[in-house]
There are 2 protein chains.
Amino acid sequence: MFKALYDNIRKRINLTETEFSECTSFFKSAKIRRKQFLLREGEFCKHTCFVSKGCLRSYSTDEKGNEHVIQFAIEDWWISDLYSFLTGEPATYNIDALEDSDVLLIDKNSQENLCMEIPAFERFFRLLLQNNYIANHRRITATLSATAEKRYLSLLATYPHLVERLPQHQIASYLGITPESLSRIRKNLLRKNR
Amino acid sequence: MFKALYDNIRKRINLTETEFSECTSFFKSAKIRRKQFLLREGEFCKHTCFVSKGCLRSYSTDEKGNEHVIQFAIEDWWISDLYSFLTGEPATYNIDALEDSDVLLIDKNSQENLCMEIPAFERFFRLLLQNNYIANHRRITATLSATAEKRYLSLLATYPHLVERLPQHQIASYLGITPESLSRIRKNLLRKNR
DNA sequence: CGATTTCATTGATCCATGTTAAGAAATGCA
DNA sequence: TGCATTTCTTAACATGGATCAATGAAATCG
């Protein structure tokens, strides 16, 4: 079960086998069934979460009750409300499962202890933070300068498997448009390609 | 000249007078005249910048040549391409001055040395990072869920002085709309308030 | 100071996306 | 298996914001 985590970590830092088996004790594993919540808006985000199977998403809800997907996380991805996790403020996002999922959770204390024990993890978690940063960054630039169609194409190019795997209205929500609009955009693209 | 910096730092961490005068030596001061650049897309962002007088902005340019303002920084604000600064990748933003400005610059090495010398600065820079994080976060949520009018009102409520001080087309660019649209939105709001 | 550029406003028109509503297809569940 | 729910598509219409063009006002510069 920890194999996926090991591979994920090794993509970013070097660890001996021994160090890795040490590190696993800082994580707890959990199952989250479809539609179950890992975090609700207003709660405190205590964990950073690694997805070893399934798919989670984070999203916010506006006054009209519309959901806006912030991030998807399938196998080999990390997810959390990093802002709440870092600051200790209440979460502004919800995190729930779109599919029955297996996850590994590490809480703030464990994260700090792990960094004490194996300093390479300082770097690892900093890199996770940076990735998150980059993602936000890209998203802001994309929303400011690209049409929905372009953003869809870019998502499709970067994560084709995601687009195939998830319901279209979730993708639409991520892109910041309605399911109807996405449906139209797709139809249009088909027409163009013929 | 360092008074503004001192006040800014003291808002976040406690420093003795001695520590502060030590810390000033890590910064270099500079003047940036209106329309001059502090950073251009593609260069490496080597500095974090504190504005003690004037106003800077960061912005990206899309394929059509349109500018999209990412952030404004007037007196008492910090600005940089944090992503480039952190990762060492080339900058994706430009930073230039909207008014003749006085700034204090600290480069990456100095920042690290400063943290070694006065560990409280670890916390300080982490807080700057978090602020940036929060700003991005708010921006994403706002663009996903609020109309241009609402975003304008919210900017006006949070930073009224900014909106008064800057040319309207810069505000429009920050909001992700054209100057014409902003002009109409304002006209509309006036009508509503009468 | 006048000349030039930048900025803000307005109107006309266009287009992308939202809204509402309905039905079809797929999926889940009893 | 069959009914209920979820998902996707389509269409008609509404709307926010973009684009284009023109004008006047304000700021900047030589």
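Note that these values count all heavy atoms, side chains included, but never hydrogens, waters or copies made by symmetry. We name chains A, B, ... by the order of the sequence lines, and we start the count at 1 in each one. Bear in mind that the values here come from a model prediction, so they are computed numbers and not experimental data.
Using a 4.5 Å cut-off on side-chain heavy atoms (C-beta onward), A:T147 and A:K150 make contact.
A ring-ring contact (aromatic ring centres under 6.0 Å, His included) check over residues 155-183 of chain A, counting only residues at least two apart or in different chains, returns the pairs A:F72-A:Y174, A:W77-A:Y159. Evaluation of the side chain to side chain donor-acceptor pair (under 3.5 Å) test over residues 102-120 of chain A, restricted to residues two or more places apart or in two chains, returns A:K31-A:D102, A:D107-A:S110. Among residues at least two apart or in separate chains, side chain to side chain donor-acceptor pair (under 3.5 Å) pairs with a member in residues 1-10 of chain B are B:K3-B:D7, B:Y6-B:R10, B:N8-B:R12, B:N8-B:D76, B:N8-B:W78. Residue pairs satisfying the side chain to side chain donor-acceptor pair (under 3.5 Å) criterion with at least one member in residues 39-55 of chain A, sequence neighbours excluded, are listed as follows: A:K28-A:H47.
When the side chain to side chain donor-acceptor pair (under 3.5 Å) test is applied to A:R57, the partners found at least two apart in sequence or on another chain are A:E67, A:D96, A:Q170. Under the ring-ring contact (aromatic ring centres under 6.0 Å, His included) criterion, B:Y133 pairs with A:Y133, not counting sequence neighbours.
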Sort me out a list of protein N/O and nucleotides 17-21 of chain D N/O pairs below 3.5 Å, or just none if empty.
{"residue": "D:dG17", "atom": "OP1", "partner": "B:A148", "partner atom": "N", "Å": "2.9"}
{"residue": "D:dA18", "atom": "OP2", "partner": "B:T178", "partner atom": "N", "Å": "3.2"}
{"residue": "D:dA18", "atom": "OP2", "partner": "B:T178", "partner atom": "OG1", "Å": "3.0"}
{"residue": "D:dA18", "atom": "OP2", "partner": "B:S181", "partner atom": "OG", "Å": "2.3"}
{"residue": "D:dC20", "atom": "N4", "partner": "B:E180", "partner atom": "OE2", "Å": "3.4"}

Distances for protein N/O vs nucleotides 6-8 of chain D N/O pairs under 3.5 angstrom?
{"residue": "D:dT7", "atom": "OP2", "partner": "A:H169", "partner atom": "NE2", "Å": "3.4"}
{"residue": "D:dC8", "atom": "OP1", "partner": "A:Q168", "partner atom": "N", "Å": "3.0"}
{"residue": "D:dC8", "atom": "OP2", "partner": "A:Q168", "partner atom": "N", "Å": "2.7"}
{"residue": "D:dC8", "atom": "OP2", "partner": "A:H169", "partner atom": "N", "Å": "3.3"}
{"residue": "D:dC8", "atom": "OP2", "partner": "A:H169", "partner atom": "ND1", "Å": "3.4"}

Considering only distance and modelled atom types, tabulate donor-acceptor pairs under 3.5 Å from the side chains of residues 80-88 of chain B, sequence neighbours left out.
{"residue": "B:S80", "atom": "OG", "partner": "B:L82", "partner atom": "N", "Å": "3.4"}
{"residue": "B:D81", "atom": "OD1", "partner": "B:Y83", "partner atom": "N", "Å": "3.3"}
{"residue": "B:D81", "atom": "OD1", "partner": "B:S84", "partner atom": "N", "Å": "3.2"}
{"residue": "B:D81", "atom": "OD2", "partner": "B:T92", "partner atom": "N", "Å": "3.0"}
{"residue": "B:D81", "atom": "OD2", "partner": "B:Y93", "partner atom": "N", "Å": "3.2"}
{"residue": "B:S84", "atom": "OG", "partner": "B:C45", "partner atom": "N", "Å": "3.0"}
{"residue": "B:S84", "atom": "OG", "partner": "B:E89", "partner atom": "O", "Å": "2.6"}
{"residue": "B:T87", "atom": "OG1", "partner": "B:Y83", "partner atom": "O", "Å": "2.8"}
{"residue": "B:T87", "atom": "OG1", "partner": "B:E89", "partner atom": "N", "Å": "3.1"}

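Protein chain B touches strand DNA chain C; the 5'-most and 3'-most nucleotides with an atom under 4.0 angstrom of its non-hydrogen atoms are C:dC7 to C:dA12.
A donor atom on one side chain and an acceptor atom on the other are not found under 3.5 Å apart for A:T24 and A:S21. Side chain to side chain, B:N136 and B:R139 fail the donor-acceptor criterion of an N or O pair below 3.5 Å.
A:L39 belongs to a hydrophobic cluster whose remaining members, ordered by chain and number, are A:I32, A:L38, A:V51, A:L56, A:I79, A:I95, A:V103, A:L105; membership requires side-chain heavy atoms of ILVMFWY residues under 4.5 Å apart, directly or through intermediates.
One distance of note links NE2 of B:H137 with CG of A:N132; it measures 9.5 Å at 0.5 Å rounding.
Fit an axis to the five pairs at each end of the helix from C:dC1-D:dG30 to C:dA30-D:dT1 and the two axes sit 50° apart, to the nearest 10 degrees.
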